[in-house]
Amino acid sequence: MWKKRTSVTAPEKERIIHNVWNEKTAISVFLIAFAFGLNITGISPILGVLNEKYQEYGTSMVQLLQTLPYLFLMVGSLSVGWWTTKASKKKIVLLGLLIIGFCGVLPFFSESFSVLLVSRLIIGFGFGIVSPLNTAIIAEMFEEKDRAGYMGLHVVGMGVGTMAGNLIGGMLSGFGYQYFYLVYLIAFLSWFFIQFLLLETPPVQTGKPGSMKLNATVYILSAASFVHTLFINVYSTNVGIYILQTITKDTTVTGLATAVNAVFALLVGASFAWISGLLKKYTVVSAIFSAAAGYGLMLLVPGMPGVYLGSAFCGISLSCFMAGCSMLISVSVEPEAVAKASGVFSVIGGIGGLIAPVFMGNTATVLFGKNSPSSQFTVAFTGMLLLGLVMLAAVAKNKN
């Protein structure tokens, strides 16, 4: 006999709708992070080629192209808290992705150094307004107990985006270095799907006194991000030049090395809920020591094995550090202040990224008499080790 079909109850219907929106939000979080991964890729796979093409500008100036977006990234991130009170997070994300796409592809049409310089500068604004919003979206849409998994998903998205940027960009550059810039079409792809997937929510309401107030945790994590970003950027600004000068001139090899970096970042993101549950309050500290280990291995292990090991540990560090800090920020302030807190975190970290090439180049020259990838790796190893020890002492002192 046919069983009588029962209708879906109101609570069940609400649960189904809730799950569907959760899935759409999760995909959106991934796609936003996927496009943001291009900020980590930057122009790293072709940096060695650009260093030779624009040699009249000097190595430090060419390296600055990798981190130049941090200048306007700070402007975008600092203003995103105010933006969320005027427009929905969805509209802000879509605007940022359009800026990333247009500025990323623009140098494909011109070999002018000025065009490349300006596009790398303005693209930072797009990354700046996109960067803090995933943390804010996760804090708004999900309960505190569920956020670690979505923070991990954010890191996975960045890892996949960085890996795609490195691998696809590296392959495209085989046709000519300018073809690398076409990898930024990824931003338009994310923009298209987010149009249909991300829920439109109203702008943040700030009627509650002190609701947008930040606390000491935000500033401590931001200060740690400044130092971490200062030293972690040594990898992206030097690995291409290091391989080109000491191992091979094949840009595909650089793409593979940076892809290893992204793969391990991806693995950490996929398992971040488990990692953070295991390491607990020492998650961020462990991430910092991972970078120190990465630079140490690049210095001690010769050839590509050292590069691959260093790439892996630096990828683990960046992934775990960003997810760990984002998680701590999301639970340390009021939900409506998360975007602002994440913006401040991005800005202070961005300052470290912006000054990294000049600071590291000058420091390496003063300490070792020359500005080389190996000397910068040594400075970065020492800096990460000291930062890890300081943060370890601070966390151990905190009984909470």
Minimal non-hydrogen separation, [X] against [Y], with atom names:
X    : Y    : answer
V338 : A139 : CG2-CB, 3.8 Å
V183 : L172 : N-CD1, 4.0 Å
A136 : K89  : CB-CE, 3.8 Å
F231 : V379 : CE2-O, 4.1 Å
L98  : F188 : CD2-CE2, 4.1 Å

Is there a side-chain contact between [X] and [Y] in this structure, where contact means two heavy atoms from C-beta onward sitting under 4.5 Å apart?
X    : Y    : answer
P69  : N39  : yes
I275 : C320 : yes
N166 : T162 : yes

Rounded distance [0.5 Å steps], CG in L197 versus OG in S190 = 10.5 Å
query = To the nearest 0.5 Å, how far apart are CG in L50 and CG in L65?
reply = 7.0 Å
ask   = When clusters are formed by joining ILVMFWY residues with side-chain heavy atoms under 4.5 Å apart, either directly or through shared neighbours, do L38 and L185 land in the same one?
value = yes
What residues form a side chain to side chain donor-acceptor pair (under 3.5 Å) with [X], not counting sequence neighbours?
X    : answer
Y184 : R120
N233 : none
S332 : none
N261 : none

request  = May I ask you to check whether S374 and Y242 show a side-chain donor-acceptor distance below 3.5 Å?
outcome  = no
request  = State whether a side-chain donor-acceptor pair under 3.5 Å links S222 with S225.
outcome  = no
Please tabulate, one pair per line, all N/O donor-acceptor pairs under 3.5 Å involving side-chain atoms of residues 349-370, not counting sequence neighbours.
unit_1	atom_1	unit_2	atom_2	d
N362	ND2	V358	O	3.3
T363	OG1	F359	O	2.7
T365	OG1	G361	O	2.8

inquiry  = Using a 4.5 Å cut-off between side-chain heavy atoms of Ile, Leu, Val, Met, Phe, Trp and Tyr, which other residues end up in the same hydrophobic cluster as L297?
reply    = V301, L309, F313
key: Other ILVMFWY residues reachable from V115 by side-chain steps of under 4.5 Å   = L106
For F113, ring pair (Phe, Tyr, Trp, His ring centres under 6.0 Å) partners two or more places apart = Y54, Y57
remark   = Contacts of F321 meeting ring pair (Phe, Tyr, Trp, His ring centres under 6.0 Å) (sequence neighbours excluded), chain-then-number -> H228
note = For residues 288-310, the side-chain hydrogen bond (donor to acceptor under 3.5 Å, both in side chains) pairs (sequence neighbours left out) are none
Heavy atoms from other residues, nucleotides or ligands near OH of Y179 exceed 12 (cutoff 6.0 Å) = no
task = For L94, enumerate each residue passing the side-chain contact (heavy atoms from CB on, under 4.5 Å) test, keeping only those at least two apart in sequence or located in another chain.
result = K90, W191, I194, Q195
Can you list, pair by pair, the side-chain donor-acceptor contacts under 3.5 Å of residues 121-133, counting residues two or more places apart and other chains?
unit_1	atom_1	unit_2	atom_2	d
S131	OG	S346	OG	3.2

